[in-house]
Every structure is written in C-alpha cells, then in structure tokens.
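Have a look at the structure below before the remarks.
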2 protein chains.
Amino acid sequence: MKYPRAVALSSGEPPDTTPEPRPEGYNPSAFVPFAVTVDIVLMTVVERSLKVLLIQRGHPPYEGAWALPGGFVQPDEDLDSAAARELLEETGIGHERSRLLQIGSYGDPDRDPRMRVVTVAYGAIVARLSDVPRGGGDAAHAELMPVADVQGDRLPLAFDHRRIVDDAVDRLRADLETTSIAHRFCPPEFTIRELREVYEAIWQTELDSGNFQRKVTQRKGFITPTDRRVPPGDKGGRPATLWTAGEPEGAE
Amino acid sequence: MKYPRAVALSSGEPPDTTPEPRPEGYNPSAFVPFAVTVDIVLMTVVERSLKVLLIQRGHPPYEGAWALPGGFVQPDEDLDSAAARELLEETGIGHERSRLLQIGSYGDPDRDPRMRVVTVAYGAIVARLSDVPRGGGDAAHAELMPVADVQGDRLPLAFDHRRIVDDAVDRLRADLETTSIAHRFCPPEFTIRELREVYEAIWQTELDSGNFQRKVTQRKGFITPTDRRVPPGDKGGRPATLWTAGEPEGAE
DNA sequence: CCAAAAGTGTTCGCAATACACCCATGT
DNA sequence: ACATGGGTGTATTGCGAACACTTTTGG
C-alpha cells in the first residue's frame with residue numbers, strides 16, 4: 001500500500017500521532033470524521049442545448065430523484081484522481097476525453113440526511129455523445145438532461161445538486177470567455193459553426209457568424225485549419241473547413 | 001444526423017469497465033473517514049505590497065515553519081461558517097470586516113503526514129491593518145508576510161500551503177478585474193490613490209493615475225464621492241477626495 | 001516662484017459590432 | 001436561377017493607453 005498512514009483511521013478515533021496542545025487548530029479532540037465524496041457535473045452540448053449527465057437514484061434518500069454521479073474518495077487517492085475514477089466508472093469516459101476542473105466544495109451539515117458528507121464537485125466537458133453513457137453496471141439510469149430544465153425547476157435534483165449545477169454552469173460560462181475550453185465540446189475535427197453553436201448553447205445567445213469566424217480564427221493558438229472540408233447539408237451551401245484545436249504543428 | 005462524421009466515440013474504450021457493482025457510489029463499505037479542515041488565506045495590502053497572514057508552527061510536523069491559519073470543521077457547522085469561525089478565533093476579525101470566498105479543496109493523500117486530511121481553502125480580504133492580528137490564545141506567532149516572499153521561495157510554507165497561496169493569489173488577481181472586491185482592501189473611506197495602489201500591489205504593475213481615475217469613477221455603482229477631502233502630504237499637492245464603496249445612498 | 005499630487009481633456013489605435021457582400025455548393 | 005450556408009470586407013463605435021494639461025496645495 002502506497003500511503004500506509006492514511007488507512008489506519010477508524011471512524012471516530014482521533015489520530016494517535018498528534019498529541020498537540022493547540023486549542024484552536026489541530027487539536028485531535030476537535031477531529032471529527034467526515035465522509036468525503038466527489039460529484040461530477042459532466043456537461044456536453046447536444047442539439048444546440050447544454051446538457052448535464054444525471055443518474056436516477058434507485059435508493060433512499062431521494063429515491064427516484066435525479067442526481068449527479070459521484071462517489072467516495074478512496075483512502076489512497078487524490079481528489080482529482082477520485083473524480084477521474086468516478087467519471088470512468090460511471091460513464092466509461094477516460095481522462096483523454098475529458099478534463100476535470102474543480103468547481104467547489106459543499107459541506108452543509110444536513111446536506112445528506114444519512115451522515116456528514118463533504119463533497120468536492122468537479123466539472124467535466126465532453127464532445128457531443130450520440131449515446132447516453134451507461135452507469136457502472138448497476139440498474140442506475142443515466143441520462144443527459146437539459147441544464148435549462150434543472151435551472152428552470154422543471155427537474156428537481158437530489159441533495160444540493162441543483163446548486164452545484166448552478167455553480168458549474170456559472171463557471172463554465174465565465175471560462176468560455178477567458179479560456180480555450182470551448183473546443184472540448186467538439187470532436188477532434190470540427191467546423192466553426194459547431195464551435196459557434198457551443199457558445200450559443202451555453203450563453204443562450206445568437207452570435208454573428210461572420211464576426212465569430214474572424215474572432216476565432218484570428219486569435220492565435222486557438223484553432224488551426226486542416227485541408228479537409230465537410231460536404232454541405234441537404235439544402236446546399238459552401239463546404240465548411242474542418243479545424244483542430246490549438247497551434248499548428250510546428251508553430252511558435 | 002447532420003454531420004455524420006461525428007466519430008468522436010470511435011476512440012472510446014468499451015464501456016464495459018464495470019469493476020464494481022456499486023450503486024451510484026454510496027455503498028457504505030466504501031466509506032472512509034477523513035478529517036476536514038478549513039484554511040484561511042487572509043490577504044491585505046500594506047505599504048504597497050500584498051501580504052498574507054501566516055502562523056509559525058510550534059509543533060511537528062513542519063515545526064517552526066510558517067503555515068496558513070485554519071482548523072477542523074466542527075460536526076454541526078457549514079464549511080463557510082467554519083472558515084468564518086476560524087478567522088475570528090485566530091485573528092479576531094469578524095464577518096463584517098471581511099468576506100470569505102472559497103478558493104478550492106486540497107486532498108492529496110500525503111498532504112498531512114499525520115492523517116488523511118482534506119482542507120477547504122478560503123480567501124479573505126481585509127483593509128490595511130496597523131497591528132498584526134494575534135493568534136487565539138496560544139503561543140502561535142502570527143504575522144503578515146509578503147506574498148512575494150512566499151512565491152519567490154524565500155519563505156517556504158508547511159504542507160501544501162504554498163500551492164494554496166498561489167491559487168488564492170491567482171484568483172484574487174482575476175477577481176480584481178471582474179468584480180468589485182478591490183475596495184475591501186481599503187478602509188470605509190478612501191482616496192482613489194489608495195485604491196489604485198491596491199491594484200498596483202496585487203498586479204505588480206504601475207497604472208496611469210489619470211486613466212485609473214476615470215475608469216473607476218465612470219464605472220457606476222463602484223464608488224461614490226463624499227464631500228470630504230484629505231489634506232495633502234508634506235510636499236504639497238491638491239487635496240484628494242474621499243470616496244466610499246458602492247452606489248450613492250438613494251440611487252438605483 | 002517651483003514641486004507635487006489630484007483630476008480633466010485630447011488623441012490614437014485596437015477590437016467589437018453591424019451588416020453588406022462574395023464564394024461554393026444542392027435542387 | 002435560386003436558396004443555403006461558409007467566409008470576407010468595411011464602416012462605425014466604444015474603450016483603453018498614452019500623455020499633455022489644469023487645479024490646488026506646501027515650501
């Protein structure tokens with residue numbers, strides 16, 4: 001075992017290695033066992049609308065309600081690793097297809113009626129999926145649901161997951177402007193239209209296609225063109241260039 | 001489907017990765033007790049330089065090293081409340097003088113050699129303090145130290161607190177641009193020069209005083225003038241207007 | 001008078017917006 | 001020919017940077 005001292009804890013026992021007379025800080029008498037979980041807000045854009053992956057609970061509390069996927073942090077793993085593992089276990093999505101970013105932690109004493117749980121929420125972004133990822137082998141029903149339904153109170157969530165989703169979406173909207181995460185909603189090769197529809201779905205606005213084109217192509221290091229095109233749709237139109245994320249191969 | 005080359009799933013692993021028959025992660029057998037703490041990154045600007053409040057540890061591990069103030073979350077309190085309580089206990093600063101914002105959570109299995117601890121870091125901002133806040137009754141030595149010394153490796157910190165400080169400062173620098181938190185570094189009434197020096201200290205730049213004046217006065221809801229002035233210094237100069245944060249009294 | 005600090009005006013360049021226009025395809 | 005969507009050109013506007021300038025004080 002890699003981290004031996006971490007496993008020695010049994011619930012409720014103060015750690016024997018800390019005989020410290022510190023009243024305010026690490027006094028072991030103040031030690032209280034918590035359960036620590038990670039919850040995943042997996043987001044994707046399907047059909048021009050932002051979706052979040054939810055799991056229908058099969059047991060109380062909140063039986064039948066929809067909730068975020070997640071689970072306990074294991075004794076020997078980092079928070080980030082726990083989030084990556086849970087994502088893989090519950091959706092089959094590995095780290096190469098999604099990058100996790102921490103949203104925040106939630107620890108209201110009564111957020112879980114069974115015990116004291118602090119959860120660390122992670123946001124994950126994946127390219128549009130044709131299939132709904134399945135849960136990890138149990139009967140749990142996993143589905144991509146519209147964020148608008150959650151935020152419009154048409155789809156109540158278990159625990160404080162509504163608030164977590166709100167925070168994740170807020171963060172996403174802000175990051176979309178300042179970072180280059182938008183292309184994570186797209187497959188490896190994508191058209192500028194697809195990229196624009198990601199912004200439009202998340203910001204709930206319409207963007208001028210011409211200006212978007214310029215903005216996104218001029219911003220260097222953001223996307224690079226391939227020499228491939230996409231045939232137009234049924235109703236015609238000029239073929240669109242396919243682009244990839246990031247710098248051109250030998251550049252900068 | 002419109003763009004049939006949506007082959008994004010082709011690289012995907014078979015989703016049969018179902019090592020555990022765990023119902024959505026809440027299998028009680030997976031429960032592992034953790035200690036949960038809060039750490040406070042209390043920041044202030046003194047003498048045109050950004051400082052962080054540190055406490056010198058009196059016991060192992062990291063005896064003698066500087067660390068962030070913090071402590072255990074109690075069984076019946078929210079994370080935010082725990083942070084506010086710790087701040088009050090260790091510095092005497094109440095919630096009316098500072099607002100806490102969550103920075104992130106840190107849970108490396110070996111971040112604390114004594115036991116498995118997950119900490120939730122909070123940032124706090126206070127107006128310039130003439131005195132160093134004192135610790136909460138024990139012999140712990142508390143002092144405001146330059147952030148530059150921490151980030152320049154001249155002042156190593158205990159645990160992973162260096163990284164927490166880095167994250168808090170990054171967040172602060174970003175929030176300074178997008179939110180109105182800057183005036184929290186100032187007393188209730190302040191001059192525009194004081195406000196500018198906050199930005200300059202945190203961003204480590206020099207700002208044009210004239211442009212700053214306009215920007216900050218034109219942005220509505222940000223600051224409002226009082227009818228009071230501040231006498232100039234020894235070397236003369238025009239008296240500066242005193243301003244307060246926020247909207248004028250009866251406005252909007 | 002000069003120095004110093006507060007505060008205003010003026011100009012320039014860039015970047016976002018609006019929107020006209022051209023390009024390449026399907027029917 | 002016409003519709004449709006990809007992509008470019010162009011005029012306008014607003015904002016930030018640079019910096020000259022005015023105002024109000026102390027010496």
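Just so it is clear: chains get the letters A, B, ... in the order the sequence lines come, proteins before strands, and each one is counted from 1.
Using modelled atom types, one finds a donor on one side chain and an acceptor on the other under 3.5 Å when comparing A:Arg219 with A:Ser180.
What separates CD of B:Glu206 from P of D:dA18 is a distance of 12 Å, to the nearest Å. Taking atom NZ on B:Lys215 and atom P on C:dG7, their separation rounds to 18 Å, with Å as the unit. Counting to the nearest Å, the P atom of D:dG16 and the CG atom of B:Leu207 are 13 Å from each other. Rounded to whole Å, the distance from CG on A:Asn211 to P on C:dA20 is 13 Å. Taking atom CD of residue B:Gln213 and atom C1' of nucleotide D:dC21, one finds them 15 Å apart after rounding to whole Å. The distance between atom CZ of B:Arg219 and atom P of D:dC15, rounded to the nearest whole Å, is 13 Å.
B:Ser209 is listed as a side-chain neighbour of B:Arg196, based on a closest heavy-atom distance under 4.5 Å.
Comment: A:Asp167 does not engage A:Arg171 in a salt bridge, judged by the lack of any side-chain N to carboxylate O separation of less than 4.0 angstrom.
DNA chain C is contacted by both B:Arg238 and A:Asp208; B:Arg238 maps to the nucleotide lying nearer its 5′ end (nearest heavy atom per residue). Of the residues near DNA chain C, A:Pro239 and A:Arg214, the one whose nearest nucleotide (by heavy atom distance) lies more toward the 5' end is A:Arg214.
Note on ring orientation: taking the six-membered ring where Trp is involved, the planes of B:Phe159 and B:His161 are tilted (angle from 30° to 60°).
Here C:dT25 is the nucleotide among C:dA6, C:dT25, D:dG5 with the atom lying nearest to any side-chain atom of A:Pro232.
Of the residues listed (A:Asp39, A:Asp153, A:Asp149), the one engaging A:Arg162 in a salt bridge (charged side-chain N to carboxylate O under 4.0 Å, His left out) is A:Asp153, and it is the only one.
An OP1 or OP2 oxygen of D:dG27 is reached within less than 4.0 angstrom by no side-chain nitrogen or oxygen of B:Lys235. The side chain of B:Ser209 places no N or O atom within less than 4.0 Å of a non-bridging phosphate oxygen (OP1 or OP2) of C:dG7.
Of the possible donor and acceptor atoms, one in the side chain of B:Gln102 sits under 3.5 Å from a partner among the backbone N and O of A:Ser105.
Residues of residues 183-200 of chain B having a heavy atom closer than 4.0 Å to DNA chain C, listed by number: B:Arg193.
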